J.: 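I'd like to ask you about the structure that follows.
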Amino acid sequence: MDQNRVKQILSSSADIDVKYNGASVWIDELKEDGKTATVHLRGPMEERSDVDISELVED
């Protein structure tokens, strides 16, 4: 995924399914470097991780 698409998803009110390593995640924010984002798994767990946006896949 690229930086522009991450920004579009963050500003969208739609429920856009994004996967990281096969797991559905929510994107919380795009980091200042423009190459990483903070994400968390969909569901009850709130554990957040910083991941490389190139590893995010839109389903």
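One is the number of the first residue; the rest follow in order along the sequence. Worth saying up front: this structure is predicted, and the values here are computed from it rather than measured. Hydrogens, waters and symmetry mates are skipped; everything else that's a heavy atom, side chains included, is used.
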J.: Are any side-chain N or O atoms of Ser11 and backbone N or O atoms of Lys7, one a donor and one an acceptor, separated by less than 3.5 Å?
T.: yes

J.: Restricting to side chain to side chain contact (heavy atoms under 4.5 Å, CB included), what partner residues turn up for Asp33, sequence neighbours left out?
T.: Lys31, Lys35, Thr36

J.: Out of curiosity, Asp28 CG to Arg48 CZ, how far, rounded to the nearest 0.5 Å?
T.: 4.0 Å

J.: Let's go through Asp15 and Arg42 carefully: what are the C-alpha distance in whole Å and the side-chain angles of both, what is the deciding distance for salt bridge (charged side-chain N to carboxylate O under 4.0 Å, His left out) to 0.1 Å, and is it a yes or a no?
T.: CA-CA 11 Å; Asp15 183 5; Arg42 289 177 177 246; 2.9 Å; yes

J.: Measuring from atom CD of Glu58 to atom CD of Gln8, what distance do you get when rounded to the nearest 0.5 angstrom?
T.: 8.5 Å

J.: What closest approach, in Å, do Arg5 and Asp2 show between heavy atoms, and which atom pair accounts for it?
T.: N-OD1, 2.8 Å

J.: Hydrophobic cluster mates of Ile9, side-chain heavy atoms under 4.5 angstrom, ILVMFWY only, any path?
T.: Met1, Val6, Leu10, Ile16, Val18, Tyr20, Val25, Ile27, Leu30, Val39, Leu41, Val51, Ile53, Leu56

